[in-house]
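Some notes on the structure that comes next.
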Amino acid sequence: MKTKIFHIDSDPIDDVIQTSATIIQQGGLVVFPTETVYGIGANALDKDAASHIYQVKGRPSDNPLIVHIAEKEAVSLYAKELSCDAKKLMNAFWPGPLTLVFKKKPIIPNQITGGLDTVAIRMPSHHIARQLIQQAKIPICAPSANISGTPSSTVFKHVYDDLNGKVDVIIDGGQSTVGLESTVLDVTQSKPVILRPGAITKSMIETILNKAILDESTVITDQTIPKAPGMKYRHYAPKGNVTLLEGTHKNIIKYLDTQDNTIGVIASNELCQKLPHSHTFPLGPLDDKSLIAKNIFLALRTMDEKNIASIYIEAFDDQDLGKAIMNRLLKAANYQVKQL
Ligand code: TXA
Ligand code: MG
């Protein structure tokens with residue numbers, strides 16, 4: 001398949017949106033930028049279009065897709081019940097990086113929800129994503145735009161590497177600003193449950209709801225059936241072997257001193273500055289977790305591009321946004337952590 005490429009810096013925006021929306025309406029696949037990561041979009045009401053996404057990504061069919069909408073009002077077309085909590089959270093955080101899980105209406109095909117009786121819905125804030133959904137006049141289901149199991153794509157080049165020739169359109173919208181996928185929150189029960197941590201943190205949600213919520217994003221074992229089916233699969237893994245390093249900068253530097261110069265290191269600016277190794281990726285200063293989050297997937301994929309076999313990553317504290325950062329890093333490392 002020949003993939004049409006658009007660059008929003010140079011192509012007329014009306015043409016980009018019109019052409020892409022028509023392709024979605026015809027059952028095609030369009031990769032588009034969002035504030036979190038790039039998504040592979042299709043008509044969320046068309047089971048065949050959705051099945052095509054699973055095929056292109058190599059994604060297990062029991063892992064459901066998020067339905068993206070452009071207006072808050074559209075939720076009630078697809079969700080059975082809107083709790084008070086859900087309404088408060090939609091008002092506080094939409095548009096933005098929060099996905100809410102509702103009981104679904106029959107209009108949403110079972111293929112999209114992996115057979116679950118719930119549907120995950122999100123209203124992205126990225127202007128291209130919003131205009132595309134508005135112009136298509138249909139909800140768009142979209143998983144992250146990467147081959148299943150590899151790190152999500154936050155820049156055009158990585159989308160292109162994975163998906164050129166496999167989708168109808170790719171829209172280059174520059175680097176995603178958040179860099180980690182949305183928070184997934186189940187609001188079908190009286191106590192909402194975080195299924196995947198993201199930029200909308202537990203404490204931000206609790207402040208709006210004025211009550212404690214649950215976080216089930218970490219209790220994933222082979223014995224339990226996770227509520228977000230996607231969380232049981234190996235994720236975010238680059239080709240190289242990843243090890244997280246937990247300890248003081250002094251101890252990490254001492255340990256890395258014993259390694260040869262072929263290793264790759266992904267760490268804070270402060271740590272990278274003190275390292276003699278050739279392949280370092282500074283994520284940002286330690287006090288800027290948003291920048292660190294934004295650069296994580298870019299860093300993992302950059303190590304792959306350089307064919308680095310051993311990748312060491314600084315472990316960060318898991319407070320607030322650190323929770324989502326460490327969730328992705330632990331998965332990328334297959335939970336391999338070295339205490340120093
Ligand atoms: O930021 C994001 O959410 C990005 C952009 C493109 O919007 N999308 C994304 O999609 O990360 P994906 O498919 O890579 O991850 C969706 C996650 C999976 O862990 C999936 O299991 C969970 O959401 N999920 C989807 N529908 C669900 C449902 N009905 N119940 C529970 N979890 C659900
Ligand atoms: Mg994904």
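Side-chain atoms are counted along with the backbone in the values below, which use heavy atoms only and exclude waters and symmetry mates. In listed order, ligands and their atoms are each counted from 1.
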Subject >> Atom indices of ligand 1, in the order listed, that fall short of 4.0 Å to a heavy atom of Thr118 >> reply: 28 (C), 29 (N), 30 (N)

Original post:
Salt-bridged, Glu206 to Lys202, with N to O below 4.0 Å?
Top reply: yes

Original post:
Would one find an N or O of Arg59, backbone or side chain, under 3.5 Å from an N or O of ligand 1?
Top reply: yes

Subject >> Contact partition for Lys57 relative to ligand 1, non-hydrogen atoms under 4.0 Å >> reply: neither

Original post:
Do Asp117 and Lys104 sit within salt-bridge range, that is, some charged N less than 4.0 Å from a carboxylate O?
Top reply: no

Original post:
Are the charged groups of Asp168 and Lys2 less than 4.0 angstrom apart, N to O?
Top reply: no

Original post:
Hey, is ligand 1 close enough to Thr36 that some N/O pair sits below 3.5 Å?
Top reply: yes

Output a table of donor-acceptor pairs, distance under 3.5 Å, between side-chain atoms of residues 6-13 and any protein atom two or more places apart or on a different chain; print 'none' if there are none.
residue, atom, partner, partner atom, Å
His7, ND1, Asp172, OD2, 2.8
Asp11, OD2, His7, N, 2.8

Original post:
Quick one: does Lys104 get a heavy atom under 4.0 Å from ligand 1?
Top reply: no

Original post:
Can you find a non-hydrogen atom of Ala142 under 4.0 Å from ligand 1?
Top reply: yes

Original post:
Hey, are Lys157 and Glu305 close enough for a salt bridge, meaning a charged N less than 4.0 Å from a carboxylate O?
Top reply: yes

Original post:
With atoms numbered from 1 as shown, which atoms in ligand 1 lie under 4.0 angstrom from a non-hydrogen atom of Pro143?
Top reply: 10 (O), 12 (P), 13 (O)

Original post:
Taking heavy atoms and a distance under 4.0 Å, where does Leu195 meet ligand 1: side chain, backbone, both or neither?
Top reply: side chain

**OP:** Identify, by atom number and element, the atoms of ligand 1 in contact range of Ala120, meaning under 4.0 Å from any of its heavy atoms.
**Re:** 25 (C), 26 (N), 27 (C), 29 (N)

Subject >> Side-chain donor/acceptor of Thr258 to backbone N/O of Tyr255, under 3.5 Å >> reply: yes

Subject >> Atoms of the protein (N/O/S only) found under 2.8 Å from the Mg ion (ligand 2) >> reply: Ser144 OG

Original post:
Looking only at heavy atoms, which two atoms of Pro282 and Asn269 are closest? And how far apart?
Top reply: CB-OD1, 3.2 Å

Original post:
Between Tyr38 and Phe32, does the ring centre distance come in under 6.0 Å?
Top reply: no

Subject >> Nearest option to atom 33 (C) of ligand 1, as decided by whichever heavy atom of Cys141, Ala199, Ser153, Pro64 sits closest >> reply: Pro64

**OP:** Report, in ascending order of atom number, the atoms of ligand 1 lying under 4.0 Å from any heavy atom of Ser182.
**Re:** 1 (O), 2 (C), 3 (O)

Original post:
Considering all heavy atoms of both residues, which atom of Leu132 and which atom of Ala21 are nearest to each other, and what is their separation?
Top reply: CD1-N, 3.6 Å

Original post:
Looking at Asp215 and Arg196, does any basic side-chain N land under 4.0 Å from a carboxylate oxygen?
Top reply: no

Original post:
Do you know which two heavy atoms are closest between Leu298 and Gln175, and how far apart they sit?
Top reply: CD2-NE2, 3.8 Å

Subject >> Partner of Lys289 under salt bridge (Lys or Arg N to Asp or Glu O under 4.0 Å), chosen from Asp320, Asp318, Asp317 >> reply: Asp317

Subject >> Minimum non-hydrogen distance to atom 15 (O) of ligand 1, winning option of His68, Glu181, Arg196, Glu35 >> reply: Arg196

**OP:** May I ask you to say whether Glu81 pairs ionically with Lys87, meaning some side-chain N is under 4.0 Å from a carboxylate O?
**Re:** no

Original post:
Contact between Asn63 and ligand 1, counting heavy atoms under 4.0 Å?
Top reply: yes

Original post:
Under 4.0 Å from any heavy atom of Leu116, which atoms of ligand 1 are there?
Top reply: 28 (C), 29 (N), 30 (N)

